[in-house]
Amino acid sequence: MSNSEIAIIFDELADMEEIEGNRWESLAYRKAAASIRSLGVPLETIYSKGELRTIDGVGSAIEKKIIQFLETGKVEKYAEMKSRYPIDFTGLRRVQGLGPKKIYALYTGLGITGLEDLKAAVESHKIEKLSGFGKKSEDNIKRSLDLIATRSSDRLPLGKIYYEVQNMVEAMRESGTVQRVEVVGSIRRMKETVGDVDILAVSESPDEALRSFLPQKYVTGVIASGPAKTSVNLSIGLNGDFRVFSAESFGSAMQYFTGSKEHNIKMRDLAIQKGLKLNEYGLFRKDIPVAGEDEEGIYSALGLQYVPPEMRENTGEIEAAQKRMLPQIPEYVDILGDLHVTVNRFTPEIIGEIVATARNEGLKYAAILYDGTWVSRGSGADYEEYKLMLKYVDKLNAGSEFRLIPGIRMPINMGIEQVSVPPDTMSSAYVVGSLSVNGTSSAYDLTDTVLKSIKSRWFRTLSLSFTEAAPDRSTGMNYEEIFHACAENGIFVELSGNPDDYGIHYTAARAASSSGVKFVLGSRAALPGHIKYIKLSTAIARRAWIEKSSIINSAGYDRAKEILQL
DNA sequence: GCCGTTTTCGGCCCGACTGTTTTCAGTCG
């Protein structure tokens, strides 16, 4: 029973209430669903502490439904409504342009209950004859269905598109037809998954700008085009929204389109309380602009500390900013080293490439982790190679400002008792204990394995990775207990934003910050070219509200070595 | 259905765009 399961139930309740015209109930369910999705802890845990009502958007009625779900696996009201609307809302809402009302119209008019029915109706051209729909609607539905068929999720991992989007924006800047271009939306917030690409530009002639500055090589189709906005299909597999604003409004436009939606609702509410009005064009008293040119001015005019984009999820950041108590999260330039670069084979060429790439990323040091599974095989060849690597690193470090920290990565389900190398090798190397969670083991077993290994203290840093790309890594593992054990035993926890290898979710990391645990950031680069993912790892720390002082890599090489006890 | 530093009742973000029902509802962010 995961949080996302119950979030889906509330989202569908929202859809059904909307069909029945109960707008506010719908809004309430929608809000509760979003809140539950952004929790870092299982609802069970919150329930067992009797704290369900502390969740934003959960009142007495929704609390009852959550309890009912946790205790019986069902929600009565949902079952009752669903019997009247036997429709796969979750599936059908993936289709662009279909909301609750249109889905209901498709159901009553054509008996469509899911994506399969919809596809059949499109193929037999029944949609265009349906009242409220037309030829264009049918074409749009068909296009969206084709897109859905090519992928399992409507969102892509940030790391899979981040760097291409940067290139695209760079091309726009070079086009010279606009004065300024910025990426906003979930990419600016560095959300783990991205549903679309939002880009803003400054130009005095918006019409012309919208026509001319889109780099053709990235655009595969146009969805909508108005005087202030153009929506397109991008070659990277997502839709892109481009908007043009004047310089006076650019800050408020950035603020508005960076989101999140929930953060903005709270911001507007705050503005109203102060007798102001906030929209994408500025912050106004009556109709006189108070702020809007830059984001800082808007936050400041509302009596808030500046909130970094990564924290804008309405999970307490506005309240903290009012009290000027936002944590000191690290800036991207504060991270001086990458503490997880994978080395499967040692050659001077590979090491040279790692050093060159890391320097290029602005780093001062990197930990190169040799795959330690050779230990269990007890074979000598790899151990000899590892020793060669140590010697080579010593030589390299002596003559360079850039430093390497040699280390070993060991699977943690392989205890220290199986380690057959001399103990001094283990104690002099930076040892990372890793566990890859594939979703087949039970949550209890996993928690137990991890706790046991933490207590045996044979590694310095815990590195968890997940082959399941579930958005909340809802394995049911007891992160709270794991992080507390880490803090108690002086073990660090690794955060990684590598898109090929899901690390600990930011919500789990944030929930753990009260345990006092310290964090290590790593790119988990398997190839030198992936060292750039250290930026995505930093983003996770920022989203998790982790203080710069709790991150080992924000220290320089000498201090970091000291902390790692090397 | 939720929520409260003017409220326990009466509000609840708001503007852009599309397509179709020729004046606006539905969807999106």
Side-chain angles (χ1 to χ4, degrees), chain A residues 10 13-35 52-66 77 92-106 127-141 144 154 184-186 188-189 194-200 206 210 222-231 239-245 249 252-253 255-284 303 314 319 322:
Chain A
F10 286 135
L13 275 168
D15 290 334
M16 293 185 283
E17 291 283 13
E18 205 167 325
I19 291 170
E20 301 205 336
N22 303 323
R23 195 174 152 214
W24 304 116
E25 283 75 6
S26 170
L27 208 71
Y29 284 128
R30 199 79 72 198
K31 191 177 176 188
S35 260
L52 286 174
R53 291 286 290 272
T54 64
I55 300 168
D56 203 25
V58 175
S60 67
I62 289 183
E63 180 192 32
K64 273 197 199 118
K65 292 182 179 69
I66 296 174
K77 166 126 182 182
L92 288 169
R93 290 212 61 163
R94 292 180 64 196
V95 179
Q96 276 280 329
L98 289 190
K101 299 273 174 73
K102 296 245 171 185
I103 290 173
Y104 186 56
L106 288 167
I127 310 268
E128 60 176 338
K129 296 183 198 90
L130 194 61
S131 160
F133 294 78
K135 177 90 177 78
K136 282 194 173 173
S137 303
E138 187 171 285
D139 288 348
N140 287 338
I141 290 171
S144 186
D154 297 329
V184 287
S186 54
R188 181 157 181 249
R189 300 203 312 280
V194 176
D196 66 356
V197 179
D198 292 294
I199 290 176
L200 301 186
L210 277 175
V222 177
I223 303 166
S225 182
K229 176 190 163 186
T230 291
S231 296
N239 292 342
D241 285 338
F242 299 84
R243 294 177 174 85
V244 180
F245 284 85
S249 293
S252 44
Q255 198 285 320
Y256 183 86
F257 287 107
T258 296
S260 66
K261 191 175 158 191
E262 290 73 21
H263 176 88
N264 285 352
I265 289 173
K266 204 103 180 212
M267 290 284 284
R268 279 164 186 244
D269 194 40
L270 210 59
I272 291 167
Q273 282 174 34
K274 291 186 181 288
L276 302 166
K277 182 177 132 123
L278 176 64
N279 60 30
E280 58 266 54
Y281 303 105
L283 180 66
F284 303 92
N314 189 31
E319 293 78 359
Q322 274 177 318

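Proteins come first, then strands; the chains are lettered A, B, ... in the order of their sequence lines, and each starts at number 1. Keep in mind the model is a prediction, meaning the values are calculated, not measured.
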Applying side-chain hydrogen bond (donor to acceptor under 3.5 Å, both in side chains) to Q96(A) and S144(A), what does each step give before you reach the verdict?
CA-CA 6 Å; Q96(A) 276 280 329; S144(A) 186; over 6 Å; no
Decide salt bridge (charged side-chain N to carboxylate O under 4.0 Å, His left out) for E280(A) and R243(A); before the verdict, give the C-alpha distance in whole Å, the side-chain angles of both, and the deciding distance to 0.1 Å.
CA-CA 11 Å; E280(A) 58 266 54; R243(A) 294 177 174 85; over 6 Å; no
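Atom name P, nucleotides dT27(B) and dT20(B): the rounded distance is 14 Å, in whole Å. Distance check on atom P: dT6(B) versus dC2(B) gives 23 Å, rounded to whole Å. Atom name P, nucleotides dC9(B) and dC14(B): the rounded distance is 25 Å, in whole Å. For the C1' atoms, the distance linking dG15(B) with dG10(B) amounts to 24 Å, nearest Å. Comparing dC12(B) with dT18(B), their C1' atoms are spaced 26 Å from each other, to the whole Å. Comparing the same atom, C1', in dC13(B) and in dC28(B) gives a spacing of 13 Å after rounding to whole Å. Comparing dG1(B) with dG19(B), their P atoms sit 36 Å apart, to the nearest whole Å. dT8(B) and dC17(B) have their P atoms separated by 41 Å, with the value rounded to a whole Å.
With the nearest nucleotide of DNA chain B identified for both L130(A) and Y281(A), Y281(A) has the one nearer the 5' end. Where D56(A) and D269(A) meet DNA chain B, the nucleotide closest to each residue was compared, and D56(A) sits on the side nearer the 5' end.
Here D196(A) lies in heavy-atom contact (under 4.0 Å) with sugar-phosphate atoms only. Using a 4.0 Å heavy-atom cutoff across all strands shown, K65(A) reaches sugar-phosphate atoms only and no base atom. When heavy atoms are screened at a 4.0 angstrom cut-off, K101(A) is found touching the sugar-phosphate backbone but no base atom. G132(A) comes within 4.0 angstrom of a nucleotide base, judged by non-hydrogen atoms across all strands. The residue Y256(A) sits close to a base: some heavy atom pair falls under 4.0 Å. Residue contacts shown for K64(A) are absent, as no nucleic acid heavy atom lies under 4.0 Å away. No contact: R53(A) has no heavy atom under 4.0 Å from any strand. If you check every strand for non-hydrogen atoms under 4.0 Å, L98(A) touches sugar and phosphate atoms only. Counting any heavy atom pair closer than 4.0 Å across all strands shown, K277(A) reaches sugar-phosphate atoms only and no base atom. Within 4.0 Å of S60(A), counting heavy atoms only, lie sugar-phosphate atoms of the nucleic acid but no base atom. At the heavy-atom level, N140(A) lies under 4.0 Å from the strands shown only through sugar-phosphate atoms.
Remark: dT8(B) base-pairs with no nucleotide; criterion is Watson-Crick or G-U wobble with both hydrogen-bond distances under 3.5 Å.
Boundaries of the chain A contact region on DNA chain B are dG1(B) to dG29(B), first to last in 5' to 3' order (nucleotide atom under 4.0 Å from a heavy atom).
Relative orientation of the Y29(A) and F10(A) rings is parallel, given thresholds of 30° and 60° on the angle between their planes.
Aromatic ring centroids of Y281(A) and Y256(A) lie 6.0 Å or more apart.
Side-chain N or O atoms of E138(A) include one that pairs as donor or acceptor with a backbone N or O of E128(A) at under 3.5 Å. In terms of modelled atom types and a separation under 3.5 Å, the side chain of S186(A) and the main chain of R189(A) share no donor-acceptor contact.
Atoms NZ and CG, from K136(A) and D139(A) in turn, are 9.5 Å apart once rounded to the nearest 0.5 Å.
Partners of Y104(A) by ring-ring contact (aromatic ring centres under 6.0 Å, His included), not counting sequence neighbours, listed by chain and number: Y85(A).
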